[in-house]
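Just so we're on the same page: letters track the sequence lines, and every chain starts at 1.
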Amino acid sequence: MEIIVNGKTREVGEQLTAAELVEQLGLGGRRLAMEINREILPRSQYSSFRLSAGDRVEVVHAIGGG
Amino acid sequence: MSTVIQPEASSHHDPLLVAGVEYRSRLLVGTGKYKDLEQTRQAVETSGAEIITVAIRRTNIGQKPGEPNLLDVLPLDRYTLLPNTAGCYSAEDAVRTCRLARELLDGHDLVKLEVLGDEKTLFPDIVQTLEAAETLIKDGFKVMVYTNDDPIIAKRLEDMGCVAVMPLAAPIGSGLGIRNPYNIRTIVENARVPILVDAGVGTASDAAVAMELGCDGVLMNTAIAGAQDPVLMASAMKKAIEAGREAYLAGRIPRKRFASASSPLEGTFF
C-alpha cells in the first residue's frame, strides 16, 4: 500500500505498524515524534498502531533553531 | 598576599524565574546557524545559557545511523529545551508544532511561540499569535511568546496567561539593536511576567542595553552564531547580560546636560 511520509509517497507492506515504519526509515532508537493525519501518535502506541493506505505521516525531530 | 574581592552582585541570589522555575542565567540562546554541532555545543556552553531553543523539523529519512543529533550534544538533563515554532505563518501550524514538540520531549510543555507575518521582516503576525497562544494555554502549554514591541499587545499576551513575553529589539537576525527602547521600557514597567528581548541584538552592548532597560533576559541566536568567532561572542554576551543586569539593579545616575565635578571643590590651594 502507499502512504505519504514527510511529504513523499512510500510503498509499504499492508498492516505495517508505526514501529516497523520507524525501523524501515532507519530511525530506530532515535528521539522523534510522529503525526498521523495531523494527529499525534504517542510513542507508547508505535508497536500497536497499524498504518492504512493513504495515511499521511510526519516524522519530526529537534534541530538547531533560534 | 592579595585578596580577591568578589563582586557584590554576583553573590546575590537574583534568578530568572520562568513558570515557577529558577534559572541562574538570563541569557537564552538559539542553536541555529552554527558551522557544526561541535561549534554549537561550545558556544552554548560558553554562553552559560540554561534555556536553549530548538526547531522542530522533518527527519532526514535515510540518515546515517551513527550521525550525531543535536540532542546528543545538548543533553536534556543539562539544559531546558525551548522548542520554537519558527517558520510558522499560521496559528494552526504553530499549535501542531508545539504538540509535536511536547510528544518529542516527553511531555515538556514550555514552548516559544512565534507566528510570523512576512518573510521580509519576520515580524510577528499578532492576530495569529493571539489565537495560537489561546489554544496552547488551554491545552496546558507554558507559552513564552515572541511579539513586537507594542506595550498593549504585550500586556494582552500576559493577561491571557503567557509565562513570558518576548518583544523583538529589531527584526530577527538583523543585528540592529534595540530600535525602540522607550517601548521596551514601557513593556517592562507594565509587566508581572518576565520580559525578554528576543531577536535583533547585534553585539554585546545591545544585550547590555536590554538588561539596563530592566528586561529580565535576552534571547539571541544570530548575534552569536553569525559572529566571526561565535564562541568568543558567546562569552562576550554572557558578560554583557551580567553587566547590564548589575547596572540595572545598581540604578544608574540621571542624565544631566552639564558637568558635575567629581573632586571636592573645597580645600583647593590655588
- Message: With a 4.5 angstrom heavy-atom cut-off, is it the side chain or the backbone of B:Ile224 that approaches chain A, or both, or neither?
- Response: neither
- Non-neighbouring partners of B:Arg41 that pass salt bridge (charged side-chain N to carboxylate O under 4.0 Å, His left out), sequence neighbours left out: B:Glu38, B:Glu45
- Message: Just verifying a value: how many Å separate B:Lys142 NZ and B:His108 NE2, rounded to the nearest 0.5 Å?
- Response: 8.5 Å
- Query: At a heavy-atom separation under 4.5 Å, does A:Glu35 approach chain B through its side chain, its backbone, both, or neither?
  - Reply: both
- Query: Any ion pair linking A:Arg31 and B:Glu103 (charged N to carboxylate O, less than 4.0 Å)?
  - Reply: no
- Task: Go through the atoms of A:Ile40 and report whether side chain, backbone, both or neither lie under 4.5 Å from a heavy atom of chain B.
- Result: side chain
- Note: vs chain A, highest number of non-hydrogen pairs under 4.5 angstrom among B:Asp198, B:Thr222, B:Leu71, B:Leu219 is B:Leu71
- Which bit of B:Lys33 is near chain A, if near means a heavy-atom gap under 4.5 Å: side chain, backbone, both or neither? neither
- Message: Please determine whether salt bridge (Lys or Arg N to Asp or Glu O under 4.0 Å) holds for the pair B:Glu134 and B:Lys138, giving the CA-CA distance in whole Å, both sets of side-chain angles, and the decisive distance to 0.1 Å.
- Response: CA-CA 6 Å; B:Glu134 192 175 4; B:Lys138 270 190 201 149; 3.7 Å; yes
- By a 4.5 Å heavy-atom criterion (distance strictly below it), what part of B:Asp72 contacts chain A: side chain, backbone, both, or neither? neither
- Any ion pair linking A:Glu58 and B:Arg58 (charged N to carboxylate O, less than 4.0 Å)? yes
- Evaluation steps, side chain to side chain contact (heavy atoms under 4.5 Å, CB included), between A:Thr17 and A:Leu51: CA-CA 6 Å; A:Thr17 65; A:Leu51 293 154; over 6 Å; no
- Measure distances from B:Leu100 to the heavy atoms of chain A and classify the residue's part below 4.5 Å as side chain, backbone, both or neither. both
